[in-house]
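Below: one structure, written as structure tokens.
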Amino acid sequence: MSREVVAIIDFGSQYGQLIARRVREQKVYSEIHQPHVTAAELSQVNLKGIILSGGPASVYAPNAPTCDPRLFDLGVPILGICYGMQIGCKILGADVRPAKSREYGRTNLTITAGGDLLARLPEATTVWMSHGDQVNDLPADFIALAETPTCPYAAVQYRGGAFYGVQFHPEVTHTPRGSDILKNFLYDICGCSGDWQMSDFVEHTMTTVRTQVGAGTVICGLSGGVDSAVTAALLHRAIGDQLVCIFVDNGLLRNNERQGVVAMFQDHFHFDLRVVDWGATFLAKLAGVTDPQQKRKIIGAEFIEAFKSEAERIKDAHFLAQGTLYPDVIESGNKDGNLAANIKLHHNVGGLPEELGFELVEPLRDLFKDEVRKVGEYLGLPEDMVWRHPFPGPGLAVRVIGDVTPKKLEILREADDILIEEIKAAGLYRSISQALTVLLPVGTVGVMGDERSYEHVIAIRAVETTDFMTADFSRIPYEVLGLVASRITNEVRGVNRVVYDVSSKPPATIEWE
């Protein structure tokens with residue numbers, strides 16, 4: 001029997017990916033689909049249930065997104081969340097109108113009937129609301145399950161079929177019993193077995209890869225980051241010597257980055273690893289360039305040239321492996337009719353395959369970042385590699401604000417080394433999602449010994465996040481920050497001041513460029 005699937009219809013909710021993650025946390029496999037997916041398409045998988053997400057539109061707005069009404073005839077339970085509840089109730093004959101009193105934030109929920117969806121919850125609990133419309137009146141074939149002070153139909157059930165709706169958001173942490181509600185839906189209502197686990201994923205993926213590539217050679221761009229490392233390790237287990245990895249040294253790496261990758265994958269795991277030394281060319285092309293987007297374009301174009309220089313020497317290579325993740329797939333699909341904001345076009349899903357004429361192999365494209373780390377642990381990769389903080393494709397070039405020079409890169413490498421070393425020593429590395437240093441394009445007056453100095457400023461950036469779409473700055477203890485600042489100003493020649501970035505995302509981004 002194929003794996004059980006719960007399909008999530010995304011109406012543009014900022015929480016669409018979060019719903020998928022919450023389902024997977026219950027060991028049930030989930031897939032995100034656009035509203036135009038048909039009942040016939042979903043019937044091709046082992047479908048156990050459907051979740052209709054929230055969204056920013058009004059169900060009565062012109063061109064408001066809707067779903068295939070035949071979804072309600074598939075015979076599987078459906079849960080509508082916020083907008084998803086409204087569109088489901090509208091299709092089934094209920095009256096949806098603008099609410100007299102909009103609800104945003106925490107509110108009190110009183111359970112009036114309960115049923116399977118709200119089983120084992122207390123009569124009164126707290127939920128997170130975010131809506132302007134709501135169900136105004138229910139036909140006789142609906143049951144009201146719960147209410148809030150301003151929303152009489154905060155949770156409902158359709159008598160004639162397995163449709164449930166909640167006006168609040170059970171997927172967010174601000175709804176304390178939200179995971180219990182999702183568990184009730186997945187297990188008590190959908191009858192999911194909850195047997196989706198990483199070992200099954202690995203075995204299934206290895207079989208898929210072997211079928212796809214046959215006896216062909218697969219090239220994998222290896223950067224040393226989590227995604228590419230896990231991709232390479234999974235492919236090597238699946239096809240062994242058919243895998244050839246290419247590491248491009250662009251001269252924009254952190255201290256000992258190249259040496260670490262070679263020691264791990266070539267010396268320890270015995271991969272066929274080709275190193276392309278292209279740093280001088282990258283730095284020459286970047287000379288005098290200060291615009292961040294221009295830096296990225298130059299680095300992206302030059303990376304392709306460096307990669308091609310080695311790839312063209314590998315005989316019988318018809319496949320290119322990439323560490324594309326599920327959020328990459330979702331966001332890159334936004335430009336084709338998705339309703340959520342298209343934040344960026346990921347380098348993982350464009351450009352290189354067309355340049356080289358390869359067929360893509362993307363073994364991680366169904367996984368979220370935390371799931372990739374679990375695969376890495378299962379495959380036996382070292383903890384330091386599996387839990388490594390993200391590092392941008394353009395490397396330190398986007399952490400040197402302004403023009404990039406060898407001297408500035410050396411300063412930044414030394415400062416970065418000190419920061420990572422000290423947060424690891426303080427036991428903070430795993431609790432911080434990403435930590436980095438930035439070299440600012442200003443000089444400040446300082447005192448070194450008995451002399452005045454006019455030298456560089458280093459900014460420290462450390463954030464905590466679950467999805468990297470939003471983030472808050474890390475509350476690193478002052479004594480740790482003080483130690484980092486002291487070491488940087490004393491040990492890194494050319495720096496006399498250290499500052500700490502306390503911006504959240506939004507409005508700021510995690511990287512400075």
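Taking all atoms of both residues into account, the shortest heavy-atom contact from K295 to G402 is NZ-O, 2.7 Å. Looking at every heavy atom in both residues, A39 comes nearest to L71 through CA-CD2, 3.8 Å. When every heavy atom of V213 is checked against every heavy atom of V361, the shortest pair comes out as CG1-CG2, 4.0 Å. Smallest separation of non-hydrogen atoms from V230 and G376: CG2-CA, 3.8 Å. Nearest heavy atom pair, residue I458 against residue A415, reads CD1-CB, 3.9 Å. Residue L273 comes nearest to Q266 through the heavy atom pair O-OE1, 3.1 Å, listed as atom of the first residue, atom of the second, then distance.
For Y429, the ring pair (Phe, Tyr, Trp, His ring centres under 6.0 Å) test picks out H389, with sequence neighbours left out. R296 meets the side chain to side chain contact (heavy atoms under 4.5 Å, CB included) test with Q293, P394, V398; sequence neighbours excluded.
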**Candidate pair S223 and S228, rule side chain to side chain donor-acceptor pair (under 3.5 Å), full reasoning** = CA-CA 6 Å; S223 69; S228 70; 3.1 Å; yes
**Request:** Please report the C-alpha distance between S193 and E4 in whole Å, then the side-chain angles of each, then the deciding distance to 0.1 Å, and finally whether the side chain to side chain donor-acceptor pair (under 3.5 Å) criterion is met.
**Result:** CA-CA 8 Å; S193 59; E4 298 175 344; 3.1 Å; yes
**Evaluation steps, side chain to side chain donor-acceptor pair (under 3.5 Å), between E464 and Q434** = CA-CA 7 Å; E464 295 173 12; Q434 188 171 354; over 6 Å; no
**Request:** Report the C-alpha separation of D472 and T465 in whole Å, then their side-chain angles, then the decisive distance to 0.1 Å, and conclude whether the side chain to side chain donor-acceptor pair (under 3.5 Å) test is met.
**Result:** CA-CA 7 Å; D472 195 10; T465 178; over 6 Å; no
**Request:** Take R430 and E383, measure what salt bridge (Lys or Arg N to Asp or Glu O under 4.0 Å) needs, and give me the verdict at the end.
**Result:** CA-CA 10 Å; R430 287 279 291 269; E383 180 180 350; 2.8 Å; yes
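Dense packing is recorded around NZ of K424, with more than 12 heavy atoms of other residues, nucleotides or ligands lying under 6.0 Å away. Within 6.0 Å of CG in D241 there are 12 or fewer heavy atoms belonging to other residues, nucleotides or ligands. Within a 6.0 Å radius of CZ in R493, no more than 12 heavy atoms belonging to other residues, nucleotides or ligands are found. Counting heavy atoms of neighbouring residues, nucleotides and ligands inside a 6.0 Å radius, atom NZ of K374 does not exceed 12 of them.
With T509 contributing its side chain and K505 its backbone, the two residues share no donor-acceptor pair below 3.5 Å. Judged by distance alone, with hydrogens and angles left aside, the side-chain atoms of N256 form no donor-acceptor pair with the main-chain N or O of Q259 at under 3.5 Å. Judged by distance alone, with hydrogens and angles left aside, the side-chain atoms of R388 form a donor-acceptor pair with the main-chain N or O of G224 at under 3.5 Å. Looking at R497, its side chain does come within 3.5 Å of a backbone N or O of V445 through a donor-acceptor pair. Remark: side-chain polar atoms of S30 are not paired, donor with acceptor, to backbone N or O of V6 under 3.5 angstrom. D403 places no side-chain N or O within donor-acceptor distance of the main-chain N or O of V289, the cut-off being under 3.5 Å. Side-chain N or O atoms of R399 include none that pairs as donor or acceptor with a backbone N or O of W512 at under 3.5 Å. Between the side chain of R461 and the main chain of S503, a donor-acceptor pair closer than 3.5 Å is present. Under a 3.5 Å cut-off, the side chain of S486 and the backbone N or O of L483 do not form any donor-acceptor pair. Side chain of Y83 to backbone of L52: no donor-acceptor contact under 3.5 angstrom is found.
The distance from the OG1 atom of T281 to the CG atom of N250 is 11.0 Å, given to the nearest 0.5 Å. Going from atom CH2 of W278 over to atom CZ of F247 covers 15.0 Å, rounded to the nearest 0.5 Å. Distance CG/L419 to CD1/I432: 7.5 Å, rounded to 0.5 Å. A distance of 8.5 Å separates CD in E513 from OG1 in T290, rounded to the nearest 0.5 Å. From L325, atom CG reaches atom CZ of R365 across 10.5 Å, with rounding to the nearest 0.5 Å. Atom-to-atom distance recorded for E422:CD and L481:CG is 11.0 Å, nearest 0.5 angstrom.
Two residues are said to be in side-chain contact when any heavy atoms from C-beta on lie closer than 4.5 Å; D501 and F473 fail this criterion. Side-chain contact check for L428 versus I476: some heavy-atom pair is nearer than 4.5 Å.
Aromatic pair F358/F319: centroids not less than 6.0 angstrom apart.
Relative to the six-membered ring of F391, R254 meets both conditions, a distance below 6.0 Å and an angle of at most 45° to the axis.
By the 30° and 60° cut-offs, the orientation of the rings of H236 relative to F271 is parallel.
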